[in-house]
Amino acid sequence: MRVQRPKGTSDILPGESGKWERVEHQARKFFALAGYQEIRTPTFENYEIFSRSSGQTSDVVEKEMYDFNDKGGRHIALRPEGTAGVVRAYVEDKLYGPQIVKPFNVFYIEPTFRYERPQAGRLREFHQIGVESFGSDNPLADVETIVLGHDLLAALGVKNYELHINSLGNQQVRQAYHDALVDYFTPLKGQLSEDSQRRLGLNPLRILDSKAEEDQQFLPNAPKIVDYLDDESKANFKAITDQLDHLGIKYVLDNDLVRGLDYYTGVIFEFMVADQDLWASPTTILGGGRYDHLVEEFTGPHTPAVGFGIGEERLLLVLQKQNPDLFAPAGIDVFITNIGEGTTLKTVELARSLRGQGFSCMYDVDQKKLKGQFRKADRLQAKYVLTVGAKDLAKGQLTIKRLADGQQIQFDLEQAADLQAVLEQFK
RNA sequence: GCGGAAUUGGUGAAGGGGUUAACACACCGGUUUGUGGAUCCGGCAUACGUGGGUUCGAUUCCCACAUUCCGCCCCA
């Protein structure tokens, strides 16, 4: 048997898992403060949920879906993004009902899957932290979502990121813009990159995203979406950017920002980090936007919505560099060593008592020699070592030592019921 | 999907077609048995990603595959 995890997956080991817990704990706290509640949807859905929402010509559907047929012949896909499943649940579970306060705000933290070549900050199984807000078409809902993303990154300690935003307007706008792009690029077709020639027929919007050298020269003069926005879309976008201005949130208007999923309709945005040590080119750690028709597409009532997703692996890469303090190893409060006849069970009793008092506490189940126990305490970065010695115990006493400076004090056994009071003697 | 590099023990690694795979760190044990983080002593890869091939003989050469890393595409 080959003992090897599937390509593009990773084991999050103890030590590493603590970092994840801190990030997720902070995120949960943050969402709770904003009144967002958690939603958990299945890891897999019927294939159509994703193919219809993301768009048949999107890369996600065309080549990155992790799909298979189950034993019942159902075409299943592991979720490649978070929004579709939440929208499905919103419709199926009738969360649009009048008894539910609008907007309906949720967050999720979940594994996500894309069948791709792994590289820095890109795995086949990765994790997304996301939010969705259903039911409001007010620009303030867009602003609230962007502010949430901005403030969450700030709370976690991400320092250098750039917020790119753009607007895609409604379906008529998109159609008109689509046609304009085809008109512009078709005469140039022969000079475009192979990929872009293909995109021209399928999804010309994608050409704007191209980084191919052949294409670059044509991009500056390509039609801009802003010129095709109708008055309402324009007013909407302006309202959003004005409010961001007032709130002091910096952003870059990025006409070429497209996003990989077809369901976006209004404002779209990405928080990008440019760090040569991490990635050769600027990389998106958070992306999102407005999708006003997806609920309808899933046979629900017309429901405007907006949300974003954060790539947790990428977030961690950035945080480890920009806010390493967040991940300072914790160590345990107390390690109990014991020596001599009749001290073992006393040790267990003390450990249970200390844990009950809220101290993290361990002892040596291997019952090695005292020196070995101290070595263990040191390796576990214990703050204090409490020693249960047979001789001391006979006098009703215990010894506690602070490892940082070697200071050691003795105290009566009964005082162990309130260790905090004992520890205060060190100060 | 395309291009490039890598793959030796718990880790970082040196090495080289043929009887002991260097060195370091970590770890384990000891330094006469009630105290850590120092020193000293000892131990620690029948093994060099997998499968083929070349050869008297390969971990060392060749091929394929796998995985990892980097870049492109795209995105989280």
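The sequence lines fix the lettering, A, B, ..., with proteins before strands; numbering per chain opens at 1.
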* A:Lys369 NZ to B:U33 P, straight-line distance once rounded to whole Å -> 9 Å
* For A:Glu313 and A:Arg402, take the nucleotide of RNA chain B holding the closest heavy atom to each; which residue's nucleotide lies nearer the 5' end? -> A:Arg402
* Asked: Any cation-pi pair here, A:Arg79 with A:Phe113, using under 6.0 Å and within 45°?
  -> no
* Asked: Whom does B:U20 pair with, Watson-Crick or G-U wobble, provided both distances fall under 3.5 Å?
  -> none
* Kindly say if A:Ser281 contacts the phosphate of B:C72, meaning a side-chain N or O under 4.0 Å from OP1 or OP2. => yes
* Of the candidate nucleotides B:C70, B:C73, B:U68, which contains the atom at the shortest distance from the side chain of A:Arg122? -> B:C73
* **Closest to the A:Arg379 side chain, choosing from B:G36, B:G34, B:C28** => B:C28
* Would A:Tyr263 and A:Glu81 count as having a side-chain donor-acceptor pair, cut-off 3.5 Å? -> yes
* Asked: Taking for each residue the nucleotide of RNA chain B bearing the nearest heavy atom, is the 5' side occupied by A:Gly8 or by A:Gly309?
  -> A:Gly8
* Per the atom types in the model, does the base of B:G36 pair as donor or acceptor with the side chain of A:Lys376 at under 3.5 Å? -> no
* Residues A:Arg22, A:Glu24: salt bridge by 4.0 Å N-O rule -> no
* To do: May I ask you to say what A:Leu403 touches in the nucleic acid, namely base, sugar-phosphate or nothing, with a heavy-atom cut-off under 4.0 Å?
  => base
* Asked: Rounded to whole angstroms, how far apart are CG on A:Leu317 and P on B:C75?
  -> 20 Å
* To do: Check every strand shown and say whether A:Ala382 touches a base, only sugar-phosphate, or nothing at a heavy-atom separation below 4.0 Å.
  => nothing
* **Any A:Arg314 side-chain nitrogen or oxygen under 4.0 Å from OP1 or OP2 of B:C75** => no
* Using atom CD of A:Gln119 as one end and atom P of B:C72 as the other, report the distance to the nearest whole Å. => 7 Å
* Indicate, with a heavy-atom threshold strictly under 4.0 Å, whether A:Gly130 touches base, sugar-phosphate, or nothing. => nothing
* **Whole-Å distance separating the CG atom of A:Leu370 from the P atom of B:G29** => 14 Å
* To do: Determine, for A:Glu349 against A:Lys346, whether the closest basic-nitrogen to carboxylate-oxygen distance falls under 4.0 angstrom.
  => yes
* To do: Could you tell me whether A:Ala377 contacts a base, only the sugar-phosphate backbone, or nothing, with contacts defined as non-hydrogen atoms closer than 4.0 Å?
  => nothing
* Provide, to the nearest angstrom, the distance between the CZ atom belonging to A:Arg124 and the C1' atom belonging to B:C75. => 15 Å
* Asked: Nearest to the side chain of A:Ala120 - B:G36, B:G34, B:C70?
  -> B:C70
* Structure fact -> Regarding the side chain of A:Ala280, the nearest nucleotide among B:A76, B:U67, B:C72 is B:C72
* To do: Decide, yes or no, whether a salt bridge links A:Arg290 with A:Asp292 under the criterion of side-chain N to carboxylate O below 4.0 Å.
  => yes
* Look at the side chain of A:Glu116 and decide which nucleotide, out of B:G4, B:G36, B:A76, has an atom nearest to it. => B:A76
* To do: May I have the distance from A:Asp277 (atom CG) to B:C70 (atom C1'), rounded to whole angstrom?
  => 14 Å
* Checking all strands, does A:Lys371 fall into the base, sugar-phosphate, or nothing category for heavy-atom contacts under 4.0 angstrom? -> base
* To do: For A:Tyr251 and A:Glu162, run side-chain contact (heavy atoms from CB on, under 4.5 Å): C-alpha distance rounded to whole Å, both residues' side-chain angles, the deciding distance at 0.1 Å, then the answer.
  => CA-CA 7 Å; A:Tyr251 55 87; A:Glu162 211 166 64; over 6 Å; no
* Rounded to whole angstrom units, what separation is found between the CZ atom of A:Arg117 and the C1' atom of B:G3? -> 8 Å
* **Identified pairing partner of B:G10, criterion: Watson-Crick or G-U wobble below 3.5 Å** => B:C25
* Asked: Can you find a side chain N or O atom of A:Arg375 that sits less than 4.0 Å from OP1 or OP2 on B:C28?
  -> yes
